[in-house]
Amino acid sequence: MPRSMIDSPELQALSRFLDVSASRTELITSNLANIDTPGYRTRDINFRQELERASGDGEFAYADFAPAVREVRGLASRPDGNNVSLEREGLLLAETQLRFQVGVQVLQAEYHRIVSAIKEGGS
Amino acid sequence: MNLFGMLEISGSGMTAERQRAQVVVSNMANAQTTHTPEGGPYKRQLVVFRAQRQPQFPVIMLASGGARSGGAESVRVQQVVADKKPPLLRYEPGNPDADTKGYVAYPNIDPVEEMTDLLGAVRAYELNASAVQAAKSMIQQSLDILK
């Protein structure tokens, strides 16, 4: 059976990559929003692990995909019990944003390839 | 993928920090207020922040595609409480708010404390505003896939 170009494993993997990146950015914004909340603990997901889980064998179930959120260990707590580190979150926000951008660019290139094939190589 | 959830969370952070700044400037404005509707001098107000699970509005949409937002929490001002510090007493027998011994109760407000709190609120507001910028650029990039 010829492999489908529109629904190739590469495209599926990319969409999962974007999903995990977006989930992670959401957690980072949540950490930043709670930077002054007493007792709030920094949360994060293990990017590699979640991406592997999302890209695991068989069908990917969107509805069931809820990344495992973990409390980040090893961060210094303030006296009010909050341990959000501005530096950590700022760097991660920039990093995750760039990762997302990479995913989008590759996805776009992939789609352009398909469009180019549809148009028989013409632009 | 819940890109708009980020905007909501950062927005909640901005709202909470703005409320905090509002309470702080109210404290500074009333640093000399000896008369309030409740009686007595103005009492220093403090905000209490609380993390809050994101309301799962787009659940129906997510059931058919897209990841659930996992464990992300927004923030809100749970309550505004009055500081329990006792008022400062100053001897001003001519003041209409003076007690029988001639002392007037003034709010116990330290301008330095309030200014640092205000700066903290402004910085945290900026922080959330840059997180909004990040979320916006991610949404814009996703839209660019369609081009």
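When reading the values below, keep in mind they use all heavy atoms of this one structure, side chains included, and skip hydrogens, waters and symmetry mates. Just so we're on the same page: letters track the sequence lines, and every chain starts at 1.
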> Going by atom types alone, do A:Asn31 and A:Thr42 pair a side-chain donor with an acceptor below 3.5 Å?
Replying inline: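 Note: A:Asn31 and A:Thr42 side chains miss the donor-acceptor criterion.
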>> Between B:Arg76 and B:Thr15, is there a side-chain donor-acceptor contact under 3.5 Å, judged purely by atom types and distance?
In response: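 B:Arg76 and B:Thr15 do not have a side-chain donor-acceptor pair below 3.5 Å.
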Could you pull out every donor-acceptor pair under 3.5 Å between side chains of residues 97-105 of chain B and any protein atom, sequence neighbours left out?
| residue | atom | partner | partner atom | Å |
| --- | --- | --- | --- | --- |
| B:Asp97 | OD1 | B:His35 | ND1 | 2.7 |
| B:Asp97 | OD2 | B:Thr34 | OG1 | 2.8 |
| B:Asp97 | OD2 | B:His35 | ND1 | 3.1 |
| B:Asp99 | OD1 | B:Lys101 | N | 3.1 |
| B:Asp99 | OD1 | B:Gly102 | N | 3.1 |
| B:Asp99 | OD1 | B:Tyr103 | N | 2.8 |

> Hey, which of B:Ala51, B:Ala124, B:Gly13, B:Ala131 has the most heavy atom pairs under 4.5 Å with chain A?
Replying inline: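 Most pairs with chain A among the choices: B:Ala51.
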>> Please identify, among A:Thr96, A:Asp36, A:Leu86, A:Val104, the residue contributing the most non-hydrogen atom pairs under 4.5 Å to chain B.
In response: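 Greatest number of close heavy-atom pairs with chain B: A:Asp36.
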>> Need one label for A:Leu93: side chain, backbone, both or neither, based on atoms under 4.5 Å from any heavy atom in chain B.
In response: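 Side chain only.
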> Counting N and O atoms only, with roles assigned by atom type, does the side chain of B:Asn27 sit under 3.5 Å from a partner on the main chain of B:Glu114, one being a donor and the other an acceptor?
Replying inline: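 Flag not set: sc B:Asn27 to bb B:Glu114 has no pair under 3.5 Å.
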>> What part of B:Gln78 gets within 4.5 angstrom of chain A, counting heavy atoms only: side chain, backbone, both, or neither?
In response: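 Neither part; nothing is under 4.5 Å.
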